[in-house]
Each structure stands twice: as C-alpha cells, then as structure tokens.
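Below you'll find the structure, written out as structure tokens, and then a few comments.
Computed over heavy atoms, backbone and side chain alike; hydrogens, waters and symmetry mates excluded. Lettering follows sequence order; numbering is per chain, from 1.
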There are 2 protein chains.
Amino acid sequence: MSSVTIHQVAKAAGVSPSTVSNFLNGRPGRMLPETRARVEEAIRNLGYRPNRAARQLRTGRVQVIGLVVPSVANPFWGSFALHLEGAALAHGFRVLLCNSARDPDRERGYIEELWADGIRGVVLCSSLPSLDHVLPLVDQGLNLVAFDRTAQAGDPPSMVNISVDNMIGSQLATGHLLDLGHRRLAFVSGSLRSINRRSRFRGFREALETADVDPDTAIVWTGAPEDKYGDQYGDLDAAGLGRTAAAELLAADDPPTAVVAINDMCALGVSAGIRDAGLRVGEDVSVVGFDDIVLADLAAPPLTTIRQPLADMAAAAFAHLRDAVEGDGPVTGRSLLIRPELVIRESTGPARPL
Amino acid sequence: MSSVTIHQVAKAAGVSPSTVSNFLNGRPGRMLPETRARVEEAIRNLGYRPNRAARQLRTGRVQVIGLVVPSVANPFWGSFALHLEGAALAHGFRVLLCNSARDPDRERGYIEELWADGIRGVVLCSSLPSLDHVLPLVDQGLNLVAFDRTAQAGDPPSMVNISVDNMIGSQLATGHLLDLGHRRLAFVSGSLRSINRRSRFRGFREALETADVDPDTAIVWTGAPEDKYGDQYGDLDAAGLGRTAAAELLAADDPPTAVVAINDMCALGVSAGIRDAGLRVGEDVSVVGFDDIVLADLAAPPLTTIRQPLADMAAAAFAHLRDAVEGDGPVTGRSLLIRPELVIRESTGPARPL
DNA sequence: CTGAAAGCGCTAACAA
DNA sequence: TTGTTAGCGCTTTCAG
C-alpha cells in the first residue's frame, strides 16, 4: 500500500534526495557514472515512481489536457478522443476524458475538477450557446478550445473555436436531397438549443429557400414527447431518438420523402425506423446524416453524409492548447471554421411518390 | 494564471487557513454562523478552488479510479465507460479513461501514470494472457479489476476478474447457427492472442464437436495479411477487419454459409462485406456477433448476437474497487463469470445452398 | 560532484 | 470557536 519515496531511494543508493532528483530530471550529467549507476539500481530495485501530486505541487506544471465530450457512447466522440489522444501522446501529453451529456452543471463540474487538478488547457465539445458556466475559469487563465462550436460575439478573446461550417454542411446535405427531386423534407434532431445544431437547422432552411421551397412547410422534429432521462439532445441515445422520429413521421399524414438527420447516429436510427415501417431506405425514403462516422459506410445501405475532417481538427485543437499552456499567457484566438464535404452513398435516391 | 490559495481566502475572510479548511471539509459546524458566512463569501469572491495536488499530497487519498480500454472508438467500450462513470459518479468518484490499443507497453505506461497520480484502483480491459507488465504495481498495492478476462492460474490473489462466460457465449452463437442447419462455418477475428478471444474460439470448436462437425474443417480467419498499423486485434478498425475477411472468404472456393464474428463491430463489417459481394445477410450468409452494442439492433438486418450485461458488470467492477480503495488492504478476489444471453434477430437464417 | 534546506497548498492534531 | 504547527514528497537554489 505504501509508496516508495525519493528518500528511500536516496538511502538505498547512499546519496541524498537531491541527487536522485537530479537524476530524475534530466541532469544525470551532474554526477559520477558510478553514482548514477547506484541510483539507477536503487530505483529499479524498489520499483520507485515519483509521486505526481508532490512534483506538481512543487513545479506547478502538468503535461495534461482535458477533453469534455457529450458522450463517448457516440462513436464520433470516441474517434475524436482517439485522435486527440494521439496528437497529445506524440508530444508527451496525456488527455483526461470526461462525459458531460451536454449538461452545463456537469460541464462546469468537470472543468472545475480539471482546473483543481492543475490542468490549464481543455477542449470542450459542447456548443451550448452560453459558456457562462465556464467563463470564470477562463478569466482565471484556463485555456479553452471550444470544439464543434463557432465563435460568438460575447466570447472571451482568448477562446478558440474549432468547428466545421455547419450551415454549409447542412446546405450541402439538403441541397443534395433537393437536387434529387425531394420536396417534402423533414429535419430530425434532439433539442436545437446548441449552436451547431441551430446552424445546421439554419442551413436546412436556407437550402430550401434557395430552391424555392417554403421552409415552413418542412417538418421539424426535435424530441420525443416524454424525455425520461433528461437526454434532450439525444446524445445518450441518438439512434433511439431517430428511430422514434421516423416512426412518428411515417405514421402521419403526408409523410416526408427525405430526412436530414442531425448526425449519423441519429440517421442510422431514422434508417432503422424506416425499415420498421416496411419501407426501403434510399428508395422509398432518403436519409442524410452528418459526421461520417466509421459506421456510416458500413450501414445497409451505406449512409450519405457530411464528412468532418476529424484528425485535422483534433491536431489543430491540441496544437493550440500546447502553445497556450507551454508559453505563458494565452495565445490570442484564431478560430477555425472548416468546410465540410458531402459524401454521397446509397441512403439517398431520387424522389418518387410514396 | 495564478491560482487562489487557502491563505488568500483566509486573509480575505479575516480568519486562519484552518478555519477555511474546516469549512471546506465538511465541518462547517465548528464555527460561528457569521464566520462561516464570511468564509463562504471570500471563497465566492475570489473564485477559490482547492488545489487537488496539495490536498492529495496531504491526505494521500483520491476519489478516482482508472479505466483502461482497448479503444473508445469501439462503441462497446464507449458504453462500458459510460456505465462505469455513472456508477463512480454516484459515489463521488471520478474515472480517468485511457486507450491502450491492447499494447502491453501502453497499458503499463498508463497504469504507471495512474499509480503516479495516486490512483489505487483501476479497471483494466485487456485480457492479454499475461499481466506480467502490470504485476509489479499490483504487488505494491494497486487494486486491479481485469474486465473481459477470466481468472488465470498465475494471477495474484488480490486480482478480480469480471467477464462474461465467453465460451458459453460462443457455444450459444455457434449452436444457433448449427441449429439452423449450417455446416460450413467461419470464425472471424483479429489476433487470437487474448484470453477471451481464445475462449470464444474454444466455444466455437466445442459447439462444432458437439454437433459432430469436425472443427478442423471450419474456416478460421484471424487477420489481414499486411497489418499496417500494428492493429493486430482489429480494435482500431474491427469493422474494416470484418469486411476484409468477408471479401476474402466469399471469394474463395467453398465459402462459408455462416460466420461467427469475434464482436459486433466485426460482425457489422462482415455484413458489409457480404453485401459488397452481392449477397444477402441472413439469407445467403448468416452472421452472429458478440456484445450486443446499441448498433446491433439498428443494423439492416438487425444483428443476432450475444448480449453482455454491461451495466451490471460495470457496477460490480466499481463496487469492488471502491471497497478495496476505501477499506485498507485489498479485498480478496471474488471473480465474476456471467452467463451471457443469445439475442436472435435477423442476420441469421436457415442454411441454404449458395 | 553532492548535500542541506526551504517551501509548493493543504489538512488535522493539538493548543489556546 | 478559532489559530498554531508540522509535515505530505518533491524540486531547486545555494553551499560545501
């Protein structure tokens, strides 16, 4: 149970703690080779591992960044986490992963924990319109990258936003459906109370207007009547949400011939719902997703979607945080807005009468 | 950049640091209400957050457990992480998540980091046959729950294993196929060098024998010829692995009429590969998965699979760790071997000649 | 080339 | 009811 300390190592090697410390901190040149050998051996024999809390308390530094995502149960966030971790690891950093379920309280709670851990850089994937719950820490010096969220007027200058251009993405998706002749469209999502979701919705309407379709005639589905788990964004079960939506939409009079889903998991759920109703995806009803998760290409039929260049975005997020944390004082914000790409597969096809 | 300390709070409130500390540590009864109010206000005004490194250094305690999984990009692990986090949060614990890619070095690296962080309880999801790379820390007092791995003779007594009975699961899966009349079976997996995978493979063979089918006539596919990323278990891209496998298997002479996949992601890939070949899943070729991830039910056709009771297993893992970490000294091992359940959906159907 | 000493921010006896 | 004090394990000047 008890850990080995630097003193025990020092005694075992017949030297002082500071010599062991020098050895540990990249100054092995400051001692005779034989001393070094003794220290090395003592460390090995005792299985010594420096106590990070003590080290951190002394130096004030930590090579760790935090990552807060809505839910790793969504493979999109799982992949993003993996990419970010890869970038961090390559530079000797670790990443601490937290699931917020987009709950502002939980977000704040986790970020405060990270701050209390001495972590000064975090990637927040939330896109809640207000970041008020987190601003106090930003004021105190927390370096924040808001991922999947675009810059807002009230944002603190030190904050960096990295996101795909959601409006363009959504326009691409909707435009594709319109090009195929669809006129009766549905937009399926959980709560629209996050910035990127609103942008996607705006892109949807914009595209309709451009095609001279009255946006107000489109169907907008934003949540199940009873939301048992407070999962209003459908982050915990995006697929279930989509499936429910499809069931309701197709049971109604004048059902849509195509649906734009808020993300791929939701789109996969919508597809399942369409099949539940005895219809064929891509033939009877078209579906477009957003994200291009691995499973999009695996689905039957493979999902038409909007691709987010995850690896690049993760690398950019880490690079910024590293600069800010290693340097002193925050680097001023250069937000990134990346143009996404439409990937046409087989879940979309020409409109035909139901 | 600089953090607020307990001294500054004390000065601002006109009290001593210990009073602030008492307030912080659930002993607010030990001071006059007015004193308490002053302290409370000072904390709020200054935005004070206790430094966890210092606190931990002093108390030696941390309410954190570690979780090491092969890859959160696999929704199975993502869900498990979520369940474990839920259980932990309910008891005031946090969980630190790490991706190992089943690389022993990375596993050891992370676990050593966790140890250095003062964390004394971790859930390791690895099922590598040897845990030698991790044993030194277990000897020093690390409480380890090996998830997805069954007890081995050489394991230290303090170690607890929690797993589904993989052999039974696999027998159930294979037996189901056999019952449907399939005789030409394939087993698709990445490297079989992990305990649970071997058990699943053994279950597969066992079931064949029971049905009087010579196991040696079955096809065993365990990896792509060139493994570019060292991803020998297919953890990073289980689906891609399955897809490749299906392509190769179906192009060969005398292709299988049914395949047992090592897990659901792999099974989803196999299904995609079957469609790539112009065949129908569940009609021309049957597929069984393992895990019952959310997507299994969403696939087209929905995937027949073996369900793991994830929530229960996560709760058990946490409960054990909590007992071990809170109490002093490790609780002696009570490994759990849970019987999994066959979930029949539509990716399996009666055998018919190709 | 090596050691002594101070102190990072916090908690918990113990004193007052 | 509140304050004083002594470290937790480590790093880092500064002396020897």
Exercise. Produce a footprint string for nucleotides 7-15 of chain D: one letter per nucleotide, 5' end first; B if the base is under 4.0 Å from any protein heavy atom, S if only the sugar-phosphate is, - if neither.
Key: BBBBBB---
Self-check item: Rounded distance (Å) that lies between atom P of C:dC1 and atom CZ of A:Phe23
Solution: 16 Å
Quiz item: Just how far, in rounded Å, is C1' of D:dT1 from CZ of B:Arg36?
Solution: 12 Å
Self-check item: A:Arg193 CZ: over 12 foreign heavy atoms closer than 6.0 Å
Solution: no
Atom pairs and distances, side-chain donor-acceptor, residues 32-48 of chain A, under 3.5 Å, sequence neighbours left out:
{"from": "A:Arg36", "atom 1": "NH1", "to": "A:Pro28", "atom 2": "O", "distance (Å)": "2.6"}
{"from": "A:Arg38", "atom 1": "NE", "to": "A:Ala13", "atom 2": "O", "distance (Å)": "2.9"}
{"from": "A:Arg38", "atom 1": "NH2", "to": "A:Ala13", "atom 2": "O", "distance (Å)": "3.3"}

Self-check item: From CA spacing to verdict: salt bridge (Lys or Arg N to Asp or Glu O under 4.0 Å), B:Asp231, B:Arg102
Solution: CA-CA 9 Å; B:Asp231 180 26; B:Arg102 280 186 217 269; over 6 Å; no
Quiz item: Under 4.0 Å between a side-chain N/O of A:Ser16 and OP1 or OP2 of C:dA4, yes or no?
Solution: no
Practice problem: Could you tell me how the ring of A:Phe93 sits relative to the ring of A:Phe318: parallel (under 30°), tilted (30 to 60°) or perpendicular (over 60°)? | Solution: perpendicular
Quiz item: Got a sec, which residues hit side-chain hydrogen bond (donor to acceptor under 3.5 Å, both in side chains) with B:Ser126, two or more places apart in sequence or on another chain?
Solution: B:Glu107
Exercise. For A:Trp115 and C:dG9, give me the distance from atom CH2 to atom C1', rounded to whole Å.
Key: 15 Å
Quiz item: Looking at B:Asp155 and B:Arg149, what are the two nearest heavy atoms and their distance?
Solution: OD2-NH1, 3.0 Å
